[in-house]
Amino acid sequence: MKKVVLTLVFSLVVVAMFAQTQAAPKLLKYVTQAPDGTVSMTILDDSRDNTMKLESANSFYKYQIIDPKTNQPILTASNTGKACEIAKSKIAAGTYDIRLFTRSFVITSKIKVSASRQLASREAIAMND
């Protein structure tokens with residue numbers, strides 16, 4: 001009987017040691033408001049996706065992601081309409097400023113970019129080699 005109990009306990013310990021845990025997905029939402037209280041820009045960053053969703057109350061023709069240390073754009077893209085997607089594989093994880101250019105004004109906000117799944121899997125492969 002002792003052997004059965006010890007074998008069962010040992011098996012449970014081994015399974016617990018090798019079990020992989022999944023990190024809970026994170027959804028970051030950034031909302032920038034105009035002085036009158038209306039929402040002017042919303043950014044959704046889901047850690048499960050390789051893209052961020054950018055939406056604006058106004059049509060915008062361009063956006064820039066700015067490195068706050070150098071104040072230089074690291075990504076600039078054209079747009080038509082009120083929404084677009086930003087590929088996180090083009091940006092390293094970190095904190096940035098984003099500028100949204102409309103015909104009348106420029107909206108600026110601070111965002112934190114999570115690592116894309118594509119980048120995370122490349123790092124895991126490199127760590128295993």
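At a threshold of 4.5 Å between side-chain heavy atoms, the hydrophobic network of Ile, Leu, Val, Met, Phe, Trp and Tyr places Leu28 and Leu44 in two separate groups.
With side-chain heavy atoms closer than 4.5 Å counting as contact, directly or through intermediates, the hydrophobic cluster containing Tyr61 also holds Phe101, Val106.
The shortest non-hydrogen separation linking Ser40 to Ser56 is O-OG, 3.0 Å.
Counting heavy atoms from C-beta outward, Ile111 and Thr95 have side chains that stay 4.5 Å or more apart. In this structure the side chain of Ile98 reaches within 4.5 angstrom of the side chain of Met41, judged on heavy atoms. At least one side-chain heavy atom of Lys112 sits under 4.5 Å from a side-chain heavy atom of Tyr30.
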Would Lys29 and Ile43 satisfy side-chain contact (heavy atoms from CB on, under 4.5 Å), going step by step from the backbone distance to the final call?
CA-CA 6 Å; Lys29 182 176 182 179; Ile43 300 169; over 6 Å; no
Can you list the steps and then say if Asp45 with Lys88 is a salt bridge (charged side-chain N to carboxylate O under 4.0 Å, His left out)?
CA-CA 9 Å; Asp45 182 6; Lys88 292 191 287 186; 2.8 Å; yes
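Between the side chain of Asp46 and the backbone N or O of Arg48, at least one donor-acceptor pair lies under 3.5 Å.
From Ser47, atom OG reaches atom CG of Leu27 across 8.0 Å, with rounding to the nearest 0.5 Å. Distance check, rounded to the nearest 0.5 Å: CD1 of Ile91 to CD1 of Ile74 gives 5.5 Å.
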Distance-only check: which donor-acceptor pairs under 3.5 Å involve side-chain atoms of residues 63-72, not counting sequence neighbours?
{"residue": "Asp67", "atom": "OD1", "partner": "Lys69", "partner atom": "N", "Å": "3.0"}
{"residue": "Thr70", "atom": "OG1", "partner": "Gln72", "partner atom": "N", "Å": "3.3"}
{"residue": "Asn71", "atom": "OD1", "partner": "Arg99", "partner atom": "NH2", "Å": "3.3"}

What side-chain donor-acceptor pairs closer than 3.5 Å can you find for residues 76-86, not counting sequence neighbours?
{"residue": "Asn79", "atom": "ND2", "partner": "Phe60", "partner atom": "O", "Å": "3.4"}
{"residue": "Asn79", "atom": "ND2", "partner": "Gly81", "partner atom": "O", "Å": "3.4"}
{"residue": "Lys82", "atom": "NZ", "partner": "Ala57", "partner atom": "O", "Å": "3.4"}

